[in-house]
Amino acid sequence: MKTLADRYSPQEVEIKVYKAWEEAGYFKAEDQSKKPPFSIILPPPNVTGFLHLGHALDHTIQDLLIRWKRMSGFNAMWLPGTDHAGIATQSVVEKELKKKTITRHQLGREKFVNEIWKWKNEYGDRIYNQMRRLGDSCDWDRATFTLDEGVSAAVRKVFVTLYKKNAIYKGLRLVNWSGPLETAISDLEVEHQQVKGLMYHINYPIDGTSDFLTIATTRPETMLGDTALCVHPDDDRYKKLIGKTVTVPLINRKIKIIADTYVDKDFGSGVVKITPAHDFNDYKIGKTHKLEFINLLTKKCEMNENAGPYEGLKVADARKKVLEDLKALGLLVKEEPHMNSIGHCSRSGAVVEPFLSEQWFMKMDDLAVPAKRVVESGSLRFEPESWTKVYLHWMNNIEDWCISRQLWWGHRIPAWHCAECEKYTVSETTPTQCENCKSSKITQDEDVLDTWFSSGLWPFSTMGWPNEEAHSVETQKTFYPTNYLVTGHDIIFFWVARMIMMGLEFKKDVPFRTVYVHGLVRDSQGRKMSKSLGNSIDPIEMIDKHGADALRFSFLAHLFSGKDFKFSEQRVESYRNFMNKVWNASRFVLSNLQDFKVPVEGMKALPARAHISVFDQWIIAKLAEVEKQVEVALEAERFSDAATALYQFIWNQFCDWYIEFTKPIMHSSSPDDKQTTQLVMAQVLNRIVRLLHPFCPFLTEEIYSNLPIKNQACIIDQYPTVKNDKDFLAFASKEAEFEIDIVKEVITAIRNIRGENRISPAVKLNIRLGVTQDDVQKILSHNRSAIMNLGRIATMDIGEDGDMMKCAVAPVVLGDARVKVIIPLEGLVDFNEEIKRIHKTIEKLEKDVSLLNGKLSNEKFVQNADPEVIATDRVLLQQSKEQVVSLKEALTRFQ
RNA sequence: AGGGAGUUAGCUCAGUUGGUAGAGCGCCACCCUUACAAGGUGGAUGUCGCAGGUUCGAAUCCUGUACUCCCUACCA
């Protein structure tokens with residue numbers, strides 16, 4: 001047997017262990033299997049991305065589930081993948097090119113896309129390798145990229161099918177537009193920031209009078225596109241003006257004054273300028289009042305020919321110029337500071353402009369109906385449940401989805417425009433002629449689809465749909481629907497909701513049974529992690545420093561469903577310490593198994609009843625308890641409960657007590673006793689390692705490989721449960737639990753007296769255990785050596801109280817058992833500390849007594865309370881009273 | 001503005017049918033006791049945001065209120 005280093009060093013273990021798992025093929029799931037299926041599809045990270053802490057948290061949860069289920073006899077399949085992430089990737093490569101002063105337009109579409117592929121082929125696996133560092137046990141053979149041929153085929157099929165159902169259409173709409181990227185962007189890509197700006201009040205001359213109407217705006221340059229002024233229909237100030245016209249300054253266009261209840265009479269002047277082509281609210285008004293839509297911008301967000309003299313200016317410059325000109329005309333009434341939240345493009349940082357353009361849209365109303373129903377009926381569940389409401393609220397207010405993007409990187413829209421008849425031919429395969437007029441003058445639409453379009457199909461497109469070959473059909477049959485989707489709450493609408501709609505539409509079933517929503521990872525002060533704040537932490541750096549297991553455990557032990565996660569490196573360190581603790585406990589166990597005769601039955605071997613110690617029976621009882629707790633917690637998705645139950649069992653029971661108790665047996669007992677304890681110890685450790693495995697896979701696999709009793713590998717061994725371990729756990733005993741509990745209490749009492757009196761651990765004490773009950777006396781005698789060892793005792797009498805002159809006394813009460821720990825202090829310390837200590841104890845006990853007395857003498861309490869509660873309180877009161885008496889007696893001995 | 005979550009020890013947070021407040025970290029004291037100083041033993045620390053109510057009894061249930069955070073939508 002190898003000897004292990006006295007410190008666990010993850011660096012030496014992790015890479016090696018991962019490689020061994022992967023080479024052995026343990027991550028692979030079978031398309032056909034007798035085992036029940038369990039599947040999770042990984043939310044695909046951006047192919048350009050680095051693993052960040054958010055991924056690390058997300059993946060840790062999924063890997064926990066997968067490893068737990070794999071060990072529990074499931075055909076566990078975790079499918080990894082990456083997302084082409086249209087805008088993000090295109091921007092990254094564009095930036096790279098910019099360094100060489102090349103623009104994508106210089107290269108042209110084909111060459112530019114080739115550049116991106118080159119980049120993807122070079123860096124696309126980076127994030128996969130980072131995931132390996134974390135320990136993700138994905139089925140790598142199934143790794144899928146959103147631009148893979150299979151997925152692309154799925155995208156085309158979905159587009160064509162929905163188009164033919166009239167669920168996809170092309171239309172002129174107002175969309176969020178990024179000037180630098182020259183594309184529509186999704187709401188997700190718009191970041192709102194509170195910005196201090198100015199509100200400008202501008203006078204519009206009322207035609208035929210010398211009066212003005214004053215409007216207020218934060219974006220004066222848009223006035224060039226005004227096509228109406230709007231007032232509230234009931235506003236007495238303006239009622240008579242409705243239907244009259246005003247002249248837009250600077251461009252001298254006459255526009256009508258209209259009325260709409262949208263206007264708030266009490267805000268500003270009560271008059272609103274309407275720019276239907278550049279504001280989402282104005283757009284709606286423009287539609288209802290059939291106003292003219294004047295687009296002022298080019299795709300680069302510069303002023304266009306409609307802006308007259310301002311043509312060619314950037315928006316910001318146009319604003320300056322417009323203000324100057326207004327001032328010159330005396331029409332700028334005033335400027336006042338104004339807080340405004342302004343949308344910025346998350347990729348380019350530019351201000352997002354509402355922009356009128358031809359886009360492809362997907363109708364959402366019909367798709368939303370079944371997607372709501374499955375959540376309402378409970379066939380798809382959110383955890384935590386509170387997201388159900390949020391989801392339904394959104395689904396009830398859903399708007400059509402703009403699915404086209406003016407990018408080059410992504411799934412090109414499978415629609416061909418005919419130059420002759422202007423109609424579109426939409427087809428899964430490239431057509432040669434227009435299906436309407438048979439003209440061959442057709443060209444494919446330049447746009448690509450929003451990245452979330454392909455993401456929405458992810459749960460089944462990754463399983464081979466719509467390919468009808470046997471293996472693809474089998475995969476879908478086995479693994480669809482998946483069991484869990486694990487994700488942060490930021491993409492429930494953009495992604496989760498769309499997967500649900502698409503899954504129901506095309507697979508006629510939910511894509512997953514449970515959506516486990518975790519919070520976002522924040523810094524220790526609760527701030528968002530971002531490059532600009534400089535507070536982002538690289539998980540790989542954490543893994544390098546403290547090990548993947550410590551990082552994983554720090555997530556799992558503090559994960560409370562749905563809440564944001566405040567990350568702290570200090571906490572990772574504390575779990576690194578736990579990993580080291582497990583390592584060292586294992587090291588100790590292994591060193592005590594040097595001469596262990598490994599039974600041929602392996603884990604099926606049972607300890608010899610005749611030789612099993614009370615300590616063994618006790619730890620088995622505790623093991624049974626923790627196995628139960630872990631199972632309940634994992635089933636209920638209370639991962640932190642499971643993690644902390646294991647932490648406490650291992651540290652506070654197994655290490656603190658069991659190992660200490662069994663040391664004497666290992667050193668100087670009869671060979672049979674020793675062999676029995678060795679067996680128990682080896683088997684308990686084996687189970688500890690398996691129980692921990694999904695939480696901290698590397699450490700446990702490494703320890704496992706050194707165990708004397710084991711199977712092939714920890715990762716594929718069985719997960720311990722009360723049911724699986726029935727025969728072994730039958731050795732647990734209530735009597736042993738009680739016995740050890742008394743012994744622990746006695747030892748703690750001794751340590752307590754020693755600690756509070758500052759008696760050096762080097763001093764061995766002479767003590768007396770006052771006990772009158774025969775059975776308790778027997779227990780104490782039976783465990784004499786354990787008490788003497790752990791209490792650091794020189795001599796110990798067990799019997800009547802005897803003389804308590806100048807003695808420290810600590811009463812121990814457990815159930816019916818009563819023990820007095822009596823330590824003569826004469827010559828050891830001055831008594832003040834002990835007198836203080838006893839006073840403190842009495843004080844606390846008397847508080848309890850008065851509280852309990854009050855309760856029990858309250859007639860209504862006795863009448864109404866649960867009889868069990870009353871009984872417990874009675875016992876407690878009795879005990880506390882007894883203890884007070886005996887402590888007061890002890891106190892008198894110091895006088 | 002609408003929706004959601006929260007307020008418990010110095011910090012991060014548990015607290016599942018109402019029954020004398022818990023953990024980890026940190027802190028203090030003493031210890032290199034032969035697995036582990038990334039360790040051991042002992043200790044201190046809370047008007048459970050505030051105010052009412054229901055109840056014999058409330059961190060827990062109800063009402064109100066203050067503050068914080070998140071999401072969605074933003075007033076031109």
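Computed from heavy atoms alone, side chains included, the values below leave out hydrogens, waters and symmetry copies. Within every chain, numbering begins at 1; the chains are lettered A, B, ... in the order of the sequence lines, protein sequences first and strands thereafter.
Between the side chain of A/R837 and the main chain of A/N757, no donor-acceptor pair closer than 3.5 Å is present.
The CG atom of A/L765 sits 14 Å away from the P atom of B/G42 (whole-angstrom rounding). Taking atom NZ of residue A/K389 and atom C1' of nucleotide B/C70, one finds them 16 Å apart after rounding to whole Å. The distance between atom CG of A/N592 and atom P of B/U34, rounded to the nearest whole Å, is 14 Å. Note: CG (A/D260) to C1' (B/C75) measures 14 Å, nearest angstrom. Taking atom CZ of A/R587 as the reference point, atom C1' of B/U34 lies 11 Å away to the nearest angstrom. To the nearest angstrom, C1' of B/A38 lies 4 Å from CG of A/N577. In this entry the distance linking CG of A/D656 with C1' of B/U33 reads 14 Å, nearest Å. For A/Y283 and B/A73, the OH to C1' distance is 18 Å, given to the nearest whole Å.
Using a 4.0 Å heavy-atom cutoff across all strands shown, A/N864 reaches at least one base atom of the nucleic acid. Across all strands shown, A/R7 has heavy atoms under 4.0 Å from base atoms, whether or not it also approaches the sugar-phosphate. Using a 4.0 Å heavy-atom criterion, one finds that A/E385 contacts no nucleic acid atom at all. A/T218 comes within contact range of the sugar-phosphate backbone alone, with a heavy-atom separation under 4.0 Å but no base atom that close. The residue A/K844 sits apart from the nucleic acid: no heavy atom pair falls under 4.0 Å. The residue A/R792 sits close to a base: some heavy atom pair falls under 4.0 Å. Residue A/D641 is classed as having no contact, given no heavy-atom separation below 4.0 Å to the nucleic acid. No engagement by A/S586 is indicated, since no non-hydrogen atom pair under 4.0 Å with the nucleic acid exists. Residue contacts for A/L876: at a heavy-atom cut-off of 4.0 Å it reaches a base atom on one of the strands shown. Looking at heavy-atom distances under 4.0 Å, A/R837 makes no contact with the nucleic acid at all. Counting non-hydrogen atoms under 4.0 angstrom, A/C230 reaches nothing in the nucleic acid. Using a 4.0 Å heavy-atom cutoff across all strands shown, A/K566 reaches sugar-phosphate atoms only and no base atom. At the heavy-atom level, A/D264 lies under 4.0 Å from base atoms of the strands shown. Across all strands shown, A/M579 has no heavy atoms under 4.0 Å from either base or sugar-phosphate atoms.
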Annotated protein contacts, base or backbone, on nucleotides 21-26 of chain B with a non-hydrogen cut-off under 4.0 Å, one of B, S, - each: --SSS-
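Between A/K545 and A/E569, at least one side-chain N (NZ, or NE/NH1/NH2) sits under 4.0 Å from a carboxylate O, which counts as a salt bridge. Using a cutoff of 4.0 Å between basic side-chain nitrogens and carboxylate oxygens, A/R219 and A/E353 are scored as salt-bridged.
For the pair A/Y262 and A/L851, both in contact range of RNA chain B, the more 5′-proximal nearest nucleotide belongs to A/L851. Comparing A/D282 and A/E660 by the nucleotide of RNA chain B whose heavy atom lies nearest to each, the residue mapping closer to the 5' end is A/E660.
Side-chain polar atoms of A/T222 and A/K273 form a donor-acceptor pair below 3.5 angstrom. Side-chain polar atoms of A/E12 and A/S9 form a donor-acceptor pair below 3.5 angstrom. There is no side-chain donor-acceptor pair under 3.5 Å between A/E660 and A/N789.
A heavy-atom distance below 4.5 Å is not found between the side chains of A/N706 and A/S586.
When each of B/C36, B/G42, B/A5 is scored by its nearest atom to the side-chain atoms of A/S386, the top-ranked nucleotide is B/A5. Distances were taken from every side-chain heavy atom of A/L852 (C-beta onward) to each of B/C75, B/A35, B/U20; the shortest belongs to B/U20. Residue A/K581 places its side chain closer to B/A35 than to any other of B/C31, B/A35, B/A5. Distances from the side chain of A/V272 to the nucleotides B/A76, B/C75, B/A35 place B/A76 closest. Closest to the A/K663 side chain, of the nucleotides B/A35, B/C75, B/U72, is B/A35.
Comparing B/A59 with B/U7, their C1' atoms sit 11 Å apart, to the nearest whole Å. Nucleotides B/C25 and B/A38 are separated by 14 Å at their P atoms, to the nearest Å. If you take atom P in B/C70 and the same atom in B/G26, they sit 29 Å apart, rounded to whole Å. Separating the P atom of B/U33 from that of B/G39 is a span of 16 Å, rounded to the nearest Å. Rounded to the nearest Å, the gap between the P atom of B/C13 and that of B/C74 is 32 Å. Taking atom P on both nucleotides, B/U55 is separated from B/U60 by 16 Å, rounded to a whole Å. Between the C1' atoms of B/A58 and B/C71, the separation comes to 32 Å (whole Å). A distance of about 15 Å separates the C1' atoms of B/C61 and B/U16, rounded to the whole Å.
For B/A29, the base has no donor-acceptor partner in the side chain of A/R758 [N/O atoms by modelled type, under 3.5 angstrom].
Screening A/I703, A/V582, A/V684 for a side chain to side chain contact (heavy atoms under 4.5 Å, CB included) involving A/V689 leaves a single residue, A/I703. When each of A/Q648, A/E625, A/K744 is checked for a side chain to side chain donor-acceptor pair (under 3.5 Å) with A/Q653, only A/K744 meets the rule.
Remark: A/N281 is in phosphate contact with B/C75, judged by side-chain N or O atoms under 4.0 Å from OP1 or OP2.
At least one cation-pi condition fails for A/R7 and A/W583: the charged atom is not both under 6.0 angstrom from the six-membered ring centre and inside a 45 degree cone around its axis.
Around the CD atom of A/E843, the shell of radius 6.0 Å holds no more than 12 heavy atoms that belong to other residues, nucleotides or ligands. More than 12 heavy atoms of other residues, nucleotides or ligands lie within 6.0 Å of CD in A/E335, so this atom counts as buried by the packing criterion.
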Pair assignment for RNA chain B - dot-bracket with | for other-strand partners, Watson-Crick or G-U under 3.5 Å: (((((((..((((.....[..)))).(((((.......))))).....(((((..]....))))))))))))....
Would you mind writing out the side-chain donor-acceptor pairs for residues 570-579 of chain A within the sub-3.5 Å range, not counting sequence neighbours?
| unit_1 | atom_1 | unit_2 | atom_2 | d |
| --- | --- | --- | --- | --- |
| A/R571 | NH2 | A/K566 | O | 2.6 |
| A/S574 | OG | A/R571 | O | 2.9 |
| A/Y575 | OH | A/H558 | NE2 | 3.2 |

